[in-house]
Amino acid sequence: MLRLWDLATDQQIGSPLTGHTDAVHGLATATLDGRPVAVSAGNDKSARVWDLTTGRQIGSPFTAHAAIVRGVTTTRLHGRPAAVTGGFDGAVRVWDLATGEQLAEPFTGHEYMVTKVATAELDGRTVVVSSGSLGKIRLSDLATGEQLGEPFTAHKDTVSTLATTMLQGRPVAVTGGHYDGTVRVWDLATRQPIGEPWTGHERGLDGVAFATLDGRPVALTAGVDRTVRLWDLSTGKQLHVFTGHTDFVWSVDITMLDGRPVAVTGSSDGTLRTWDLRFGLEAEELAAGHRRTVLAVTTAVVDGNPVVVAGGDDHSVRLWGLASGRPFGQPLMGHDGPVRALATTIVGDRAVAVTGSDDRTVRLWDLAAGRELGAPLTGHTAPVCSVATASPAGQPLIVTAGADKTVRVWNPATGEQIGAPGVSHRRWVRAVDTAVIDGTPVSVAGSFHGAIRVRELATNRQIHTSSPGRHGPPVQQLATTVVGGQPVVLTTSEDWRREEDVPVRLWEVTTGRHLGRLPAVNVQVLTAASVHGHPVAVTASGPMVEIWDLTTRRRIGSRLHFPDAVTAVAVDEAGHIVVGFRSGLAVFTAPGAVLREAGEFTDAGGVAPVARRRRARG
């Protein structure tokens, strides 16, 4: 079946288009008598034309092929809209879209199946470019079916990707090998390759599309290595790799959405994803080596300047100005392992970052002075997984949770632990946050065992009241906020028994009562806050971020899509949403979700050259 989707809302339009009796592998669009139509090709040996406005099939199927039909494109012949199809019977056929009649005898010559077809303008006439399973490319005159010249070998085996475009005034074909994983560009007039093969895909590729970005011709390829890659068409230089799909990427196209060029990709992971192509050009300009993963982000105010604080797997802590996007001071170095946990507080009159690392230490940093504050806090015997802060009665406290199954409370002024380590968890503690129950500051921690424990901050003793207790699946992420005057905790879980729908659950901290779920699935990153007095949550799944109204439990705006899997999120009371997506950071404002002039920052101190406001969906 075929499905139509609204790119702006991510919603399906109408019902699926049904008629094929087997898988659909080829698809093209055209305009017929002023109506948008689609032409589909399937394993049922047929091609079909669909009215996209009504969702109805136009006329009878094209059934002349004697085998599976995979290749399809649309063109015009003698002023009439036409479709060109290629089948596993080795034939290329041309069809009148309006009547369904064949306009010429089938083009033959391929020794075996035809995998892809495309058209191009060459020497004043329209030609059909077709590829076969033995790596051969043939050119045929669309009007007469005459083969033009000898076929040439594009790849040693099956050509799985074929598309045509213009490059420096010349018609070219871009091909991809199913097994060799290379991309090649061919001058159709001379049948000679242009430049060297493009390498980068680890395995074969199955889709290619073209665009012009800032005056530069680019190509986008989709591969079975789960990546989408952006290339400079003139030089063959790889500009960027978009990751996020979890299975083979079979198809790619390029369109405009809200005035910006976006790619749309389809994958065996069952998803369609959209990608901002301009990011690929900007990321290509970043300084070499600025590709470290961002593992934790938060915000702070340093000497009146709002800043973003980020920790990464390069063992560093780095700051950027929230308004300018420029580095704020020097990187803070000292940890001997990835910085996975991060929070900020005020100690005395100084803005302080608190970091936890795989090196088992907790460190405090004077953000204004750009130096470590005192000696590391030691005691954890395994990586520190989560850090939170609170200031009951003006006294700053730090709560840490680790893979050693403990929850610890620290006085940052003295570096001493408060009370004994909390050891009620039977497995490592993944997440911790703070809340207030009836005026008593508490910590709320979730473990891999699935338990959620509430402890009094002043003593680090577990409160023997109705706590959420057994959550069930291992707690992956945890965040607290206030909804309707009551403290609540939100939790996410690891995939449990291969469930695909892993929810975000809401619990009342005071009573432990389960309040329901957010309709977000497979969430790997979670945070919550009160924004202008309104409780919101921000969730991330792969490269997608969603903002939620916790009062209504409905999504605010549309999903935000990023070029890489999102690794960290933070939100402050002013509504700034900081998103770490492996290769950098982005700052949005809620609920309008407008990308600030701060733009994107790199994890290793460089700044992507973004000095303009940009809209983002949501």
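Here the closest heavy-atom approach between residue Ala173 and residue Leu162 is recorded as CB-CD1, 4.2 Å. Across all non-hydrogen atoms, the minimal contact from Phe328 to Gly321 is CB-N, 4.1 Å. The nearest pair of heavy atoms linking Trp548 to Ala520 is CZ2-CB, 3.4 Å. Minimum interatomic distance between Ala154 and Arg184 (heavy atoms only, all atoms of both residues): O-CD, 3.1 Å. Gly236 approaches Trp231 most closely through the heavy-atom pair O-CE3, 3.5 Å. Here the closest heavy-atom approach between residue Gln477 and residue Leu526 is recorded as OE1-N, 3.6 Å.
Inter-residue side-chain proximity for Ile577 and Val587 is flagged as unmet; no heavy-atom pair is nearer than 4.5 Å. Contact annotation: the side chain of Thr75 approaches that of Thr126 to within less than 4.5 Å [non-hydrogen atoms, C-beta and beyond]. The closest side-chain heavy-atom distance from Ile13 to Trp5 is not below 4.5 Å. Taking 4.5 Å as the limit, some side-chain heavy atom of Val128 sits within range of a side-chain heavy atom of Val92. Side-chain contact between Glu121 and Pro171 is absent, with no heavy-atom pair separated by less than 4.5 Å. Looking at Leu52 and Leu4, their side chains come closer than 4.5 Å, going by heavy atoms from C-beta outward. No side-chain heavy atom of Glu546 sits less than 4.5 Å from a side-chain heavy atom of Val538. A 4.5 Å side-chain heavy-atom check between Thr158 and Thr115 finds at least one atom pair inside the cut-off.
Using a distance-only test at 3.5 Å, with no hydrogens or angles considered, a donor-acceptor pair links the side chain of Arg555 to the main chain of Gly557. Remark: the backbone N or O of Arg273 is not paired with any side-chain donor or acceptor of Thr271 at under 3.5 angstrom. At distances below 3.5 Å, not a single donor-acceptor pair connects side-chain atoms of Asp44 with backbone N or O atoms of His20. The backbone N or O of Gly580 lies less than 3.5 Å from a partner atom in the side chain of Thr567, making a donor-acceptor pair. Thr73 contributes no side-chain N or O that, together with a main-chain N or O of Val117, makes up a donor-acceptor pair within less than 3.5 Å. Checked by atom type and distance alone, the side chain of Thr227 never pairs as donor or acceptor with a backbone atom of Arg229 at under 3.5 Å. Put simply, the side chain of Glu196 never gets that close to the backbone of Trp198: no donor and acceptor are under 3.5 Å apart. For Asp269 (side chain) and Thr246 (main-chain N/O), a donor-acceptor pair under 3.5 Å exists by modelled atom type. With hydrogens and angles ignored, the 3.5 Å screen pairs no side-chain donor or acceptor of Thr182 with any backbone N or O of Pro197. At distances below 3.5 Å, not a single donor-acceptor pair connects side-chain atoms of Thr355 with backbone N or O atoms of Val339.
The 12-atom threshold is not exceeded at CE of Met1, counting heavy atoms of other residues, nucleotides or ligands nearer than 6.0 Å. Atom CD of Gln330 sits in a sparse spot, with 12 or fewer heavy atoms from other residues, nucleotides or ligands closer than 6.0 Å.
Rounding to the nearest 0.5 angstrom, the gap separating the CH2 atom in Trp250 from the NE2 atom in His245 is 12.5 Å. Atoms CG and CG, on Leu220 and Leu230 in that order, are 5.5 Å from each other to the nearest 0.5 Å. The line from NE2 of His155 to OG1 of Thr175 is 3.0 Å long, rounded to the nearest 0.5 Å. Remark: Arg70 CZ to Ser160 OG distance equals 11.5 Å, nearest 0.5 Å. To the nearest 0.5 Å, atoms CG (Leu17) and CG (Leu2) are separated by 5.5 Å. Put simply, CG on Leu585 and CZ on Arg318 are 11.0 Å apart, with the number rounded to the nearest 0.5 Å.
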Starting from the C-alpha separation in whole Å, work towards a yes-or-no answer on side chain to side chain contact (heavy atoms under 4.5 Å, CB included) for Arg191 and Leu139. CA-CA 10 Å; Arg191 276 70 162 179; Leu139 276 67; 4.0 Å; yes
Going through the distances and angles, do Val578 and Thr298 end up as a side chain to side chain contact (heavy atoms under 4.5 Å, CB included)? CA-CA 7 Å; Val578 185; Thr298 190; over 6 Å; no
Yes or no on side chain to side chain contact (heavy atoms under 4.5 Å, CB included) for Met113 and Asp89, after CA distance, side-chain angles and deciding distance? CA-CA 5 Å; Met113 60 187 182; Asp89 56 2; over 6 Å; no
Show your reasoning for whether side chain to side chain donor-acceptor pair (under 3.5 Å) applies to Gln524 and Thr492. CA-CA 7 Å; Gln524 291 92 40; Thr492 67; over 6 Å; no
Under the criterion salt bridge (Lys or Arg N to Asp or Glu O under 4.0 Å), I'd like the reasoning laid out for Asp180 against Lys156: C-alpha separation, chi angles, the key distance, then a yes or no. CA-CA 8 Å; Asp180 64 17; Lys156 293 182 180 180; over 6 Å; no
For Arg138 and Ser140, run side chain to side chain donor-acceptor pair (under 3.5 Å): C-alpha distance rounded to whole Å, both residues' side-chain angles, the deciding distance at 0.1 Å, then the answer. CA-CA 7 Å; Arg138 294 178 180 270; Ser140 307; over 6 Å; no
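Ring pair Trp95/His65 is tilted by interplanar angle, where 30° to 60° counts as tilted.
Each of Val172, Leu148, Val129 was compared with Leu188 under the side-chain contact (heavy atoms from CB on, under 4.5 Å) criterion, and only Val129 meets it.
Between His240 and Phe242, the ring center distance clears the sub-6.0 Å criterion.
Under the 3.5 Å distance criterion, with hydrogens and angles disregarded, no donor-acceptor pair is assigned to the side chains of Thr299 and His576. Residues Lys116 and Ser131 bring no donor and acceptor atom of their side chains to less than 3.5 Å of each other.
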